[in-house]
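Everything below concerns the one structure shown next.
Here, residue 1 is the first one in the sequence, and each next residue gets the next number. Just so it is clear, the values below take in all heavy atoms, side chains as well, and ignore hydrogens, waters and symmetry mates.
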Amino acid sequence: MDALIITENVELYGVILADAGKVIRFPYPGFSEKRKVEWLFYRFTNCRKLRYPFFRSWMHYVFRKWGVTKGDIVLINAITTRSPFWKPDYINELKRKGCKTVLLLLDSIDSSSEDSFYTKMLEAASYSDSVYTFDHNNALQYGWKHTFQYYSKVNKVKAAGEQSDVFCVMWNGGRLRKAVEIYDALESRGVKCSFFIMGANDEEKKKYSRERIIYNSWLTYGEILGHISQTKVILDLVRGSFSGNTLRPFEATIYNKRLLTNSMVIKEFPYYNEIYMKIFEDISDLGSIDDKFFKDEVGNVDYGYRGDLSPVYLLNDLQR
């Protein structure tokens, strides 16, 4: 019994799922000009009027190209609505082939949202043999399995940027003002920050202009790891309703960095350590954290990571 993971052709997911071995990174329309035959099939099969008989031909082509055989476990990393493989037709075709289909959700599902992503993911989950999610609340709400096992360690990281005390990379998402308040509070104490914030508009960039905050400069995940290698503390700033773990606790644990977070869910993280990981709710809480947390070198930081957050463990669980 073999296992393969299908995910979008996004660098991040190719990196964090790399341990799984056979990872299929499927490009969405417009991303690549190289796979013309695949896109001819893709375009036809995603047009309802032209779907049959092209759909079966497309799937036969995919199975042969990717070496999918009866009894295989196919783990589908469902991240956006652009990827076709979580759609019921695709999932059912994999099941007809005799494959076990597993949906991996690394984004939260909000049942109150009218966003098509959420409704489509719920539909896909109903067709899959099993569903794994990173979100604690979603696991309880829908009876899915919760997992921490989706992060592969990168053994060789190339340093990027200058050394810093605190590094932050994030999408605005309504958190910009709080991020800047944290920056100001830490810089006023002599803590050197390095913040990269995406999704800020021109007015926000002007209003919240700071020396070491860079706006809308997209970093590859390799570059993010390069900046992490140059810092002592990683800032993890989540939205209030967020009930999963971002990648920041994984990075802190695996690369032995301290973590500053406003997420209470961190206490359920397998490697939670109250010495290396500090939780704050309000900006005023930062004052109670000793300067040594931000300034001391990280040579003595050791979470004792055993490699058990790797997707290899998730696949082993599926193969039992």
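Proximity of a side-chain donor or acceptor of Asn256 to a complementary backbone N or O of Tyr303 within less than 3.5 Å is detected. Of the possible donor and acceptor atoms, none in the side chain of Thr231 sits under 3.5 Å from a partner among the backbone N and O of Ile228. Under the 3.5 Å distance criterion, the side-chain polar atoms of Asp236 are left unmatched by any main-chain donor or acceptor of Asn262. No side-chain donor-acceptor contact under 3.5 Å links Ser310 to the backbone of Tyr313. Under a 3.5 Å cut-off, the side chain of Ser126 and the backbone N or O of Glu123 do form a donor-acceptor pair. Using a distance-only test at 3.5 Å, with no hydrogens or angles considered, no donor-acceptor pair links the side chain of Ser217 to the main chain of Ile214. A donor-acceptor distance shorter than 3.5 angstrom exists from the side chain of Asn216 to the backbone of Ala200, with no hydrogens or angles considered. No side-chain donor-acceptor contact under 3.5 Å links Glu268 to the backbone of Val265. No donor-acceptor distance shorter than 3.5 angstrom exists from the side chain of Thr101 to the backbone of Val74, with no hydrogens or angles considered. Distance alone, capped at 3.5 Å, places no donor-acceptor pair between the Arg189 side chain and the Ala185 backbone.
In this structure, CG in Asp19 is found 11.5 Å from CG in Leu314, a value given to the nearest 0.5 Å. One finds the OG atom of Ser243 at 3.0 Å from the CG atom of Asp135 (value rounded to the nearest 0.5 Å). The structure places OG1 of Thr261 at 11.0 Å from CD1 of Ile234, a figure rounded to the nearest 0.5 Å. Here the CG-OH distance, from Asn137 to Tyr142, works out to 10.5 Å after rounding to the nearest 0.5 Å. Between Tyr272 atom OH and Thr253 atom OG1 the span is 12.0 Å, to the nearest 0.5 Å.
Salt-bridge check for Asp165 with Lys192: failed, with every basic side-chain N at 4.0 Å or more from each acidic carboxylate O. With salt bridges taken as basic N to acidic carboxylate O contacts below 4.0 Å, one links Glu93 and Arg96. Between Arg212 and Glu187, at least one side-chain N (NZ, or NE/NH1/NH2) sits under 4.0 Å from a carboxylate O, which counts as a salt bridge. Ion pairing between a basic and an acidic side chain is recognised when a charged N comes within 4.0 Å of a carboxylate O; Glu204 and Lys207 show no such pairing. In summary, Asp72 and Lys100 do not engage in a salt bridge, as defined by a charged side-chain N under 4.0 Å from a carboxylate O. A salt bridge is defined here as a Lys NZ or Arg NE, NH1 or NH2 lying under 4.0 Å from an Asp or Glu carboxylate O, and Asp317 with Lys145 fails to meet this definition.
The aromatic rings of Tyr255 and Tyr151 stand perpendicular to each other, their planes meeting at an angle above 60°, with 30° marking the opposite boundary. In this pair, His227 and Phe167 present their aromatic rings parallel. The plane angle is below 30°, not in the 30 to 60° band.
Looking at Arg248 and Val169, their side chains come closer than 4.5 Å, going by heavy atoms from C-beta outward. Counting heavy atoms from C-beta on, the side chains of Val102 and Val131 never come closer than 4.5 Å. Using a 4.5 Å cut-off on side-chain heavy atoms (C-beta onward), Leu259 and Ile266 make contact. Using a 4.5 Å heavy-atom threshold, the side chains of Asn138 and Ser108 count as touching. Within the 4.5 Å cutoff, no side-chain heavy atoms of Cys168 are placed close to those of Ser194. Looking only at side-chain heavy atoms (C-beta outward), Ile16 and Val154 stay at 4.5 Å or farther from each other. Side-chain contact between Tyr150 and Leu247 is present, with at least one heavy-atom pair separated by less than 4.5 Å. For the pair Cys99 and Val68, the minimum side-chain heavy-atom distance is below 4.5 Å.
Residues forming a salt bridge (Lys or Arg N to Asp or Glu O under 4.0 Å) with Asp285 (at least two apart in sequence, or on another chain): none. Not a single salt bridge (Lys or Arg N to Asp or Glu O under 4.0 Å) links Asp296 to another residue, sequence neighbours left out. Here Lys178 pairs with nothing under the salt bridge (Lys or Arg N to Asp or Glu O under 4.0 Å) rule; sequence neighbours left out. For Tyr221, there are no ring-ring contact (aromatic ring centres under 6.0 Å, His included) partners at least two apart in sequence or on another chain. Residues satisfying the salt bridge (Lys or Arg N to Asp or Glu O under 4.0 Å) test with Asp290, not counting sequence neighbours, are none.
Two different hydrophobic clusters hold Leu140 and Leu104 under the rule that ILVMFWY side chains link at heavy-atom gaps under 4.5 Å. Hydrophobic clustering (side-chain heavy atoms under 4.5 Å, transitive across Ile, Leu, Val, Met, Phe, Trp, Tyr) keeps Phe250 apart from Val312.
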>> Quick one, Tyr132 with Leu103, criterion side-chain contact (heavy atoms from CB on, under 4.5 Å). Give me CA distance, side-chain angles, the key distance, then yes/no.
In response: CA-CA 6 Å; Tyr132 283 77; Leu103 206 61; over 6 Å; no
>> Assess the residue pair Glu251 and Lys257 against the criterion (side-chain contact (heavy atoms from CB on, under 4.5 Å)); give the C-alpha distance rounded to whole Å, side-chain angles, the decisive distance to 0.1 Å, and a yes or no.
In response: CA-CA 8 Å; Glu251 295 155 351; Lys257 302 293 180 178; over 6 Å; no
>> The test is side-chain contact (heavy atoms from CB on, under 4.5 Å); show your working for Leu75 and Leu315 and say whether it passes.
In response: CA-CA 9 Å; Leu75 185 67; Leu315 293 180; 4.3 Å; yes
> Does the pair Lys97 and Leu94 meet the rule for a side-chain contact (heavy atoms from CB on, under 4.5 Å), with working shown?
Replying inline: CA-CA 5 Å; Lys97 183 70 177 179; Leu94 285 165; 5.5 Å; no
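A side-chain donor from one of Tyr271 and Asp308 sits under 3.5 Å from a side-chain acceptor of the other.
Annotation for Glu162: atom CD does not count as buried by contact number, only 12 or fewer foreign heavy atoms lying within 6.0 Å. The environment of CZ in Arg177 is sparse: at most 12 heavy-atom neighbours from other residues, nucleotides or ligands sit within 6.0 Å.
Considering every non-hydrogen atom in both Gln230 and Ala160, the closest pair reads CG-O, 3.4 Å. For the residue pair Tyr13 and Asn77, the shortest heavy atom distance occurs at CD2-ND2, 3.2 Å. Of all heavy-atom pairs spanning Val157 and Leu225, the tightest one is CG1-O, 3.4 Å.
Through side-chain heavy atoms spaced under 4.5 Å, either directly or across other Ile, Leu, Val, Met, Phe, Trp or Tyr residues, Ile289 is tied to Val166, Met170, Leu176, Val180, Ile182, Tyr183, Leu186, Val191, Phe195, Ile197, Tyr208, Ile213, Tyr215, Val233, Leu235, Leu237, Leu260, Phe280, Ile283, Leu286, Phe293, Phe294.
No close placement of the Phe134 and His136 rings is indicated, their centers lying 6.0 Å or farther apart.
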